Amino acid sequence: MIREIEQLIASGTLDQFDRYFAGTLQRVAPTATPRALVLAALARKAVANGHVCLDLKRLISGTSCPSPQSSPPPSSLAELIAELQKSPLVSHDGTLAPLVLEESRLYLQRYWRYEEELVQEIRTRAAHPVPVRDDLLASCLSQLFTNTELDGQQREACAGIFHERLGLITGGPGTGKTTLVAKYLALLLLYAKASGEPLPRILLLAPTGKAAARLTESLQKKTGESSLPQKLVAALPTQATTIHRALGYRAEHPTTFRHNRENPLSCEVVVVDEASMIDVALMAKLFAAVEPTARLVLLGDKDQLASVEAGSILGDICGAVLDNGAGSEKNPLARCVIRLTESFRFSPHKGIGALASAIHAGKAEEVVSLCQQGSAEVSLLPPLVQGDPSHPLAEIILAGYRPFLEAADPHAALALFEQFRLLCAHRLGPMGVSSLNRYAEKVLARHWLIEPNTPWYKGRPVLIQANSYPLRLFNGETGILWPREDGEGLKAFFFSENREGVRSYSLRQLPAHETAFAMTIHKSQGSEFDRIALVLPGEDSALLTRELLYTGISRARRQVALVGRPQEIEAAVGRRVERASGLGEKLTA
């Protein structure tokens, strides 16, 4: 195998798998140059790191392009592109090949296809608005909205996306995204009734079971507050499900779904929450499965962490409009994007609201100052050293978890467990999930709130790590171990789908899971807690970025305690996630 591949594996730039990946490509195309094989392996690794493609411009400007000594590195980007254009590994004039070269972006064939399909779907939907009777729409809007300033903003946004087959609603925590969606759904029903049309079939989706449960809970609360006629309230959908489940996940064919372009979803409206968590592959399959004439509405916070898999789709689509200032005359997509900026949960001048704004703006000194000043909402604690039992974090853990551990029944315990959470950037390491779970267990056992020295105890919170469709347990769901009604041992309890009851499982039934006193910020997406303690890694970590910090602190409704050093916070605010893709550029072309 090529020496450079081995060197890059040894340095950690590539994985062991890349040895076999490059070897397979070499067998498929024996005339491929060593440099082209290295770039193919780097393109695969880029996808594994969350990029849709390998950005050759960044690669060549950052370090010299890996190449064998017998073939010096290219003196320019143009020379590198010229070599790839001649390679049998790269598609030419539509021919099928492992790689696709587009300007200075090198794609794996499959990911290029996902991006292309998504671009075409977005353009088509944006270019064909829904025919609407404006007089009838105005009448329906008057029934839903008053003349307050808040209602005026929501009314304008609601009317805007009502005309579109594609709507994107982005905004930070507490900016009214769910309120707007509830009004939008009500408007759909009112308009259909007023025009004598059948009520639309509406599907509510989210990328994870946890996010679906939260959307369900939020919409049930909003519809309970609605002043609509009871008949229409009863017709409003309130039960969300996961995208995988709605599309028809098939274990025997995990990369394809039952619903697709040939067998679309049977509905006229699809609303998807937490859209920032959706990767390019799943988003392309979702768009394909929604009828071209149906309405598709995506909502989320474009400034949060992107998906774990490849792509930052919500950010790319919104950025194509909001960051490029494209007007609706030039780009019909501009009509489809609604940005909510006013938070009704937090003050923009203090506490969590001010902290979130400063992080988003990249104002590192201001972020540190807000943390160090301390307030009822935000505080900065010193680093945790070697599981120190006297650290202030121990008292926070005790106060945060005592209520659920002393609950009378599993349903009450599940509700109380959602009040507080320990968050961290890493899974492993001294400040990772595993270490912090052990620390929390020691703190709680010391006060006899849990049983020490056993992995199975009353109150142990568990986080599901793998989907189990037969059991209706999904990756990201949290439950607790609690005594059985007959007192004979423990069972695992989870909220029922409407959260009014619980589901219980024997411990043997549980899919892969882990203790969940602490969880990564990635896993916390789609969740909200009254209070959080966010433990920083204790070292300079490439994982600790502005987006990670913003996502972490925005999980809290009332209080945030950061544990770590000011230097870590400054470094995080200054480190941005930049995922390579061509989506935004193509949408503004």
Side-chain angles (χ1 to χ4, degrees), residues 137-138 140-164 166-191 200 202-206 210-230 232-240 269-276 295-304 314 318 336-348 352-353 356-357 418 498-499 525-530 554-558:
L137 176 60
C140 295
L141 286 166
S142 297
Q143 296 179 58
L144 280 176
F145 295 95
T146 61
N147 292 320
T148 64
E149 183 180 352
L150 166 59
D151 260 11
Q153 294 169 354
Q154 293 257 326
R155 174 179 176 145
E156 184 180 347
C158 205
I161 60 169
F162 192 83
H163 285 83
E164 305 301 331
L166 174 63
L168 296 101
I169 303 167
T170 181
T175 52
K177 296 187 294 292
T178 308
T179 300
L180 179 55
V181 165
K183 295 279 192 181
Y184 172 75
L185 297 177
L187 181 61
L188 287 166
L189 300 185
L190 277 175
Y191 185 89
I202 301 170
L203 195 57
L204 303 176
L205 304 179
K210 184 68 178 176
R214 184 165 159 255
L215 178 61
T216 295
E217 185 178 18
S218 298
L219 284 176
Q220 285 175 348
K221 182 180 178 183
K222 298 295 181 187
T223 53
E225 299 167 354
S226 174
S227 58
L228 285 172
Q230 192 56 42
L232 281 182
V233 170
L236 282 168
T238 55
Q239 188 66 54
V269 182
V270 177
V271 175
V272 188
D273 197 12
E274 296 291 349
S276 65
R295 289 177 165 99
L296 175 58
V297 177
L298 308 176
L299 61 150
D301 186 345
K302 76 176 186 66
D303 299 313
Q304 277 189 25
L314 183 69
C318 292
C336 305
V337 178
I338 303 293
R339 185 177 191 178
L340 304 175
T341 56
E342 185 177 355
S343 176
F344 304 101
R345 183 185 305 164
F346 304 120
S347 163
I352 295 172
S357 297
E418 307 237 319
N498 62 8
R499 297 176 69 86
Q525 281 188 276
S527 302
E528 285 185 351
F529 313 99
D530 286 344
S554 63
R555 298 307 89 207
R557 298 188 191 96
R558 297 181 185 173

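All values reported here derive from a predicted model rather than from experimental measurement. Start at 1 with the first residue, then count along the sequence. Values reported hereafter were calculated over all heavy atoms of this structure, with side chains retained and with hydrogens, waters and symmetry mates removed.
- Once rounded to the nearest 0.5 Å, the distance linking CD of Gln525 with OG of Ser554 reads 8.5 Å.
- Across Cys158 and Phe145, no two heavy atoms sit closer than the pair CB-CZ, 4.0 Å.
- When all heavy atoms of Cys140 and Leu187 are compared, the closest pair comes out as CB-CD1, 3.6 Å.
- Using a 4.5 Å cut-off on side-chain heavy atoms (C-beta onward), Arg155 and Ser142 make contact.
- Between Leu204 and Ile202 there is a side-chain heavy-atom pair separated by less than 4.5 Å.
- In this structure, Leu215 CG and Leu299 CG are separated by 7.0 Å, a value rounded to the nearest 0.5 Å.
- In this structure, Lys177 contributes its side chain and Ile169 its backbone to no donor-acceptor pair below 3.5 Å.
- When all heavy atoms are compared, the tightest approach of Val272 to Ala275 is O-CB, 4.4 Å.
- The closest side-chain heavy-atom distance from Leu314 to Gln304 is not below 4.5 Å.
- Minimum heavy-atom separation, Cys336 to Ile161: O-CG2, 4.2 Å.
- The backbone N or O of Lys302 lies less than 3.5 Å from a partner atom in the side chain of Thr170, making a donor-acceptor pair.
- Nearest heavy-atom pair, Ala212 versus Ala206, reported as atom, atom and distance to 0.1 Å: N-CB, 3.4 Å.
- Val337 has its side chain within reach of Cys318: a pair of non-hydrogen atoms, C-beta onward, lies under 4.5 Å apart.
- Arg295 places none of its side-chain heavy atoms less than 4.5 Å from the side chain of Pro200.
- Arg555 places no side-chain N or O within donor-acceptor distance of the main-chain N or O of Phe529, the cut-off being under 3.5 Å.
- Here the closest heavy-atom approach between residue Phe162 and residue Tyr184 is recorded as CA-CE1, 4.0 Å.
- A side-chain donor-acceptor contact under 3.5 Å links Thr216 to the backbone of Ala240.
- Of the residues Leu298, Val181, Leu296, Leu203, the one that meets the side chain to side chain contact (heavy atoms under 4.5 Å, CB included) test with Val271 is Val181.
- Annotation: Arg558, atom CZ; neighbour count of heavy atoms from other residues, nucleotides and ligands within 6.0 Å does not exceed 12.
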